[in-house]
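FYI, side chains are in, hydrogens and waters are out, and symmetry mates aren't considered; it's all heavy atoms of this structure. As the structure is a prediction and not an experimental result, all values here were calculated from the model.
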Amino acid sequence: MNRLKELLAELKYECIRGTDDIGVTEVVYDSRKVTRGCLFICIPGANADGHDFAAQAAENGASALVVQREVELPETAEVTVIRVEDTRYAMAFISAAYFGHPAKRLKVIGITGTKGKTTTTYLVKNILEEAGRRVGLIGTIEVIIGETHIHAGNTTPESYLVQQYFKQMADAGCDTVVMEVSSQGLMLHRTQGFVFDLGIFTNIEPDHIGPNEHKDFDDYLACKGMLFRQCRVGIVNKDDEHWEKVTVGHTCRIETYGIESDADLKAGNLQLLSGGGKLGVSFDVEGLMNFHAELSMPGRFSVYNALTAIAVCRHFDVSEEDVQKALLRAKVKGRIELVNVSDDFTLMIDYAHNAMALQSLLSTLKEYQPHRLISVFGCGGNRSKLRRYEMGEVSGRLSDLTIITSDNPRFEEPQAIIEDIKTGIGRTDGRYLEICDRKEAIAYAIAHGEPGDIIVLAGKGHEDYQEIKGVKYPMDERELIRDILEEAR
């Protein structure tokens, strides 16, 4: 049993009904999960507002409510009502107290940015584990606690879940946690209630702007910048033109990294590596650390991701040798993930599912001067047609051959989506084929691979399903490739 007064200790609040000197059995923010004696936090959401369920929560036995506006309650309801300025902000501090402030038992690393968050969190985890630390992870793909992998719903979960995961990690013997911090997560106060030991900014491009997200680019910048008022040390990419705006008003110590700029930690002498169906890059680390590194991931953006991870791991006294070993072994599911099917050509899986990501990926791969660059992709149904035209145009312009196939058609007809992609390709002189069945499309690409080709399976990445007419059917491209190779034998 927790004392309500203790859960509210770090908040400004007003007790407008009842008393704060009571016990509460648990903390709940979903009205369907209210139990007798619980504290129910009324959260305004995109589709429903917890304040509308306050009376129902009281009738179902909640002993206390946390609100940010007036709620109508029956005269007879024996319930304490606590008023705060922002219930989402309050939930973060209440959750931290409820789970016993688990962040104090961990080193917490938060990574924000438009691109690179997912790959960098895994690189940090790999390097720190190479050095003997036990690292939990919270990210877009999954939450990792020891040997347990939990499918992720949001890039940054609700503050209650963040604190619950922190406690589970600390109890499981983790000493460190690395997490992706989305601008939405910052805007909705999901990362309040504790202080990050390290806060990292990778880069920013116009994204996530629109209804239910950010009203404009300045708002997006400002939300990213909140991280640097919630951490002890900030580590930022000095090559990004917006880095100074993002760190305006920071309350932390700032360190920088980069390739082009005069940063505290630099990567120089970049060399592309290829052969035996593999692609990579080597570079020299200079400044705060000095050593040579090789990475079994292609391209300049991989160097940025690696440099970010090195800048983080420097704070954990990781040896140069451990960094070098971890970078060579690093592999992130669905992020420029090389799948070895032949020593003659390269096959990779990547999550690039919009024009910006696909252009970045294909431009990077063209630098390796492949015999042919082949893209295999589709687009999601019930999403913007503009994305299809743009992705078609990008692939038509940069690929030597595009194989148009199906992604998650959802409630649309796959062929209708393919026709939209073809409209985009039609703006270029790019060659294309259409093979609607994704497994057949991949099988065709592998069977017709020529020496020196780079084949990219784009759009699905880490996803292990295909969504058709409201049903998610199992479909993991790694398993498809395995089946294709076995059938070919």
Side-chain angles (χ1 to χ4, degrees), residues 102-113 116-152 155-157 162 164-181 194 196-200 202 231-233 235 255 257 265 267 280-283 285 288-289 291-297 302-338 461-462 478:
K104 291 178 180 175
R105 297 156 62 193
L106 300 159
K107 286 279 189 191
V108 187
I109 304 158
I111 301 175
T112 199
K117 295 190 297 292
T118 300
T119 302
T120 306
T121 52
Y122 282 89
L123 286 175
V124 168
K125 186 178 193 298
N126 291 347
I127 295 171
L128 291 179
E129 287 180 338
E130 192 78 48
R133 297 190 78 94
R134 299 190 65 183
V135 186
L137 183 144
I138 300 174
T140 300
I141 300 174
E142 61 188 342
V143 175
I144 305 175
I145 304 168
E147 297 302 310
T148 304
H149 294 248
I150 304 162
H151 179 74
T155 295
T156 308
V162 168
Q164 185 177 47
Y165 292 146
F166 283 178
K167 183 178 190 304
Q168 289 171 347
M169 288 172 185
D171 289 351
C174 293
D175 51 50
T176 308
V177 55
V178 57
M179 64 183 289
E180 293 184 50
V181 182
F194 66 97
F196 289 95
D197 292 280
L198 299 171
I200 291 87
T202 61
C231 68
R232 294 184 175 91
V233 178
I235 300 174
E255 290 178 6
Y257 67 92
L265 192 73
V281 63
S282 72
F283 58 97
V285 181
L288 292 171
M289 293 183 87
F291 60 94
H292 180 73
E294 286 189 14
L295 193 62
S296 49
M297 293 175 170
S302 295
V303 176
Y304 276 112
N305 293 339
L307 199 56
T308 312
I310 293 165
V312 169
C313 295
R314 194 184 72 80
H315 288 268
F316 292 83
D317 298 323
V318 181
S319 73
E320 291 172 4
E321 188 184 350
D322 283 338
V323 173
Q324 288 167 319
K325 281 194 291 192
L327 290 178
L328 262 179
R329 282 210 281 266
K331 189 174 181 178
V332 182
K333 187 177 182 181
R335 299 304 197 273
I336 44 175
E337 178 187 351
L338 299 178
H462 59 275
R478 293 145 209 82

**Q.** Sole candidate of V233, V181, L128, L137 that passes side-chain contact (heavy atoms from CB on, under 4.5 Å) when paired with I109
**A.** L128
**Q.** Check: I144 and K125 side chains under 4.5 Å, non-hydrogen atoms
**A.** yes
Q: Could you list the residues that satisfy salt bridge (Lys or Arg N to Asp or Glu O under 4.0 Å) with R134, not counting sequence neighbours?
A: none
Q: Check M289 against L265 and note the closest heavy-atom contact, atom names and distance.
A: N-CD1, 3.5 Å
**Q.** Heavy-atom pair with the smallest gap, counting every atom of R232 and D197
**A.** NH1-OD1, 3.1 Å
Q. Is it the case that E180 and T155 place a side-chain donor and acceptor less than 3.5 Å from each other?
A. no
(Q) Between S296 (side chain only) and L328 (backbone N and O only), is there a donor and an acceptor less than 3.5 Å apart? (A) yes
Q: Please test H292 against S282 for side chain to side chain contact (heavy atoms under 4.5 Å, CB included), starting from the C-alpha separation and ending with a verdict.
A: CA-CA 8 Å; H292 180 73; S282 72; 3.8 Å; yes
Q. Are E142 and K333 ion-paired here, with the side-chain N under 4.0 Å from a carboxylate O?
A. no
Q.
Going by salt bridge (Lys or Arg N to Asp or Glu O under 4.0 Å), name the residues that satisfy it together with E130, two or more places apart in sequence or in a different chain.
A. R329
(Q) So which atom in S302 and which in L295 form the shortest heavy-atom distance, rounded to 0.1 Å? (A) O-CD2, 3.3 Å
**Q.** Nearest heavy atoms of F194 and A103, plus distance in Å
**A.** CB-CB, 3.6 Å
Q.
Quick one, F316 and V135 - any side-chain contact, counting heavy atoms below 4.5 Å?
A. no
Q) With no hydrogens and no angle check, do the side chains of T119 and R335 hold a donor and an acceptor under 3.5 Å apart? A) no
**Q.** E294, CD: over 12 other non-hydrogen atoms inside 6.0 angstrom
**A.** yes
